[in-house]
Amino acid sequence: MPSAFATNMRFKFSILAIFLEVLIIILFGIFVRYENTQPTTKDIFLYPFFQDVHVMIFVGFGFLMTFLKKYGFSSVGINMLIAALGLQWGTLMQGFWHMEAQKINIGIKSMINADFSTATVLISFGAVLGKTSPVQMLIMTILEITIFSCNEHLVVKVLGATDTGASMTIHAFGAYFGLSAARVLYRPGLKEGHKNEESVYHSDMFAMIGTLFLWLFWPSFNSAMAHADLQQRTIINTYFSMAACTLTAFALSSLVEHRGKLDMVHIQNATLAGGVAVGSCADMSIYPLGAMLIGSIAGLISVIGFKFLTPFFFSKLKIHDTCGVHNLHGLPGLLGGLASIIAAMAHVKLGETSPSAPMQAAALGCTIGIALVGGAFAGLVLNLPFLGQPPDENCYNDSVYWEVPAEETRPAGQFGDYGDHRTVNIDM
């Protein structure tokens, strides 16, 4: 890495980060106020949900992306950077749609919503993981959350659609925004692959930590914004959807692999698809049977996506989806939207009312369209040469932007003999 490039990026990143924080502080000073001088019982009740969602954002998403053998610092670190900026910017962007007396009133609910807006960027981050600079990710965070807030307002307030667990507005939006940006940022130099775009034993173990945190807390993610009377139903539906999804994902992973072995990529990701897919109708009266059917289908399409669609997207459509967000968030998000349309057509009740099938369909269509256009626009902006996109040979490598301790090489047998004696790089 040329020292001039590193120095140049140091100043660009530092100046941009400080500028954004100063801007946000000024905007908070002008617009943001406490929602209540004294917290209500409802606020206190919501705080455990906020904690669960917060853990998912910082720990779950962060560790899920540590599978790359030389990109662990960036996976967790840039995830934290995006989340810290995103929750502040999301508070403002979502708050502008609900201002009272020209002020944004914030409480626990708005903090949860800010974390939700951040989740969209973290999903998109997975599609471009390893191929972007910290400067690019700061800009992507600002652009995506701004567009996300507009789409969410359209779906929830204008169309009146129900999307409690945000299958459409967060998962599908984040996935297709990221895929569209990845298409614009496509690099012909990486079409034959990259030596660092692979995992080792310990990096896959770290990624599985992220999976387990996300799996455990997903019922809170889907139910945090549900009406108090419907939260138990939302938790139950998510709980059984994820359980059914996990068994299906394990079974299909073994089935599609030619030696009948489980693929850790499938287990890390496809086991979570049930939580994504059931989100839009988790608070409806679909019964555990319906939730389990949705979860099983989600596990199936996610594994198939990883096995067949990801290579197709890369080779034919020139969409390089590093983490396979299309299979974990995109396809299950579409399934969630379709499930909500079917539930509405069947007059499945949400409390005392039934959602409108045409509005659910309109919400899904608008979300995908806005995500694709918004992602393409973001990709064009991120493609500007002065934003410091790393050269092809330096992709998927922490040492480009981080101080990394010296590598230590150990034989694989020290971690257990698995039939060969490959040498693995241990990034301390």
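Numbers here are sequence positions counted from 1.
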Legend entry - Note: R233-D283 ion pair, threshold 4.0 Å (strictly below): no

Inset, instruction - May I ask you to decide if S223's main-chain N or O and Q231's side chain share a donor-acceptor pair within less than 3.5 Å? - result: yes

Inset, instruction - Check step by step if ring pair (Phe, Tyr, Trp, His ring centres under 6.0 Å) holds for F221 and H171. - result: CA-CA 12 Å; F221 188 95; H171 298 288; 5.7 Å; yes

Legend entry - Residue among L328, V325, V276 satisfying side-chain contact (heavy atoms from CB on, under 4.5 Å) with I123: V325

Inset, instruction - Take the angle between the ring planes of Y71 and Y396 and call it parallel below 30°, perpendicular above 60°, tilted in between. - result: perpendicular

Inset, instruction - Return yes when atom CZ of F28 has more than 12 non-hydrogen atoms of other residues, nucleotides or ligands closer than 6.0 Å, and no otherwise. - result: yes

Inset, instruction - Mark yes or no for whether T211, through its side chain, and Q268, through its backbone, hold a donor-acceptor pair below 3.5 Å. - result: yes

Legend entry - Test item: T118 side-chain N/O and A114 main-chain N/O as donor-acceptor pair under 3.5 Å: yes

Legend entry - side-chain contact (heavy atoms from CB on, under 4.5 Å) between V303 and N269, intermediate numbers included: CA-CA 9 Å; V303 172; N269 295 275; over 6 Å; no

Inset, instruction - Decide if the gap between the ring center of H266 and the ring center of F250 is smaller than 6.0 angstrom. - result: no

Inset, instruction - State which residue, out of N79, L387, L85, V128, fulfils the side-chain contact (heavy atoms from CB on, under 4.5 Å) condition with M137. - result: V128

Legend entry - Sub-4.5 Å side-chain heavy-atom contact between I267 and M208: yes

Legend entry - Check: K69 main-chain N/O paired with S199 side-chain donor or acceptor under 3.5 Å: no

Inset, instruction - Inspect the surroundings of CE in M345 and state if more than 12 heavy atoms from other residues, nucleotides or ligands are less than 6.0 Å away. - result: no

Inset, instruction - Answer yes when K157 and E152 have at least one side-chain N-carboxylate O distance shorter than 4.0 Å, and no when they do not. - result: no

Legend entry - Heavy atoms from other residues, nucleotides or ligands near CE of M205 exceed 12 (cutoff 6.0 Å): no

Inset, instruction - Could you grab the distance from atom NE2 of H98 to atom OG of S149, nearest 0.5 Å is fine? - result: 9.5 Å

Inset, instruction - Please assess F31 against I106 for the test side-chain contact (heavy atoms from CB on, under 4.5 Å), listing each intermediate value before the final yes or no. - result: CA-CA 10 Å; F31 295 107; I106 61 169; over 6 Å; no

Inset, instruction - Measure the shortest side-chain to side-chain distance between C395 and L190 over non-hydrogen atoms and say whether it is less than 4.5 angstrom. - result: yes

Inset, instruction - Might you confirm whether atom CE of M80 has over 12 heavy atoms from other residues, nucleotides or ligands at distances under 6.0 Å? - result: no

Inset, instruction - Give, for atom CZ of F63 and atom CZ of F213, the distance between the pair rounded to the nearest 0.5 Å. - result: 8.0 Å

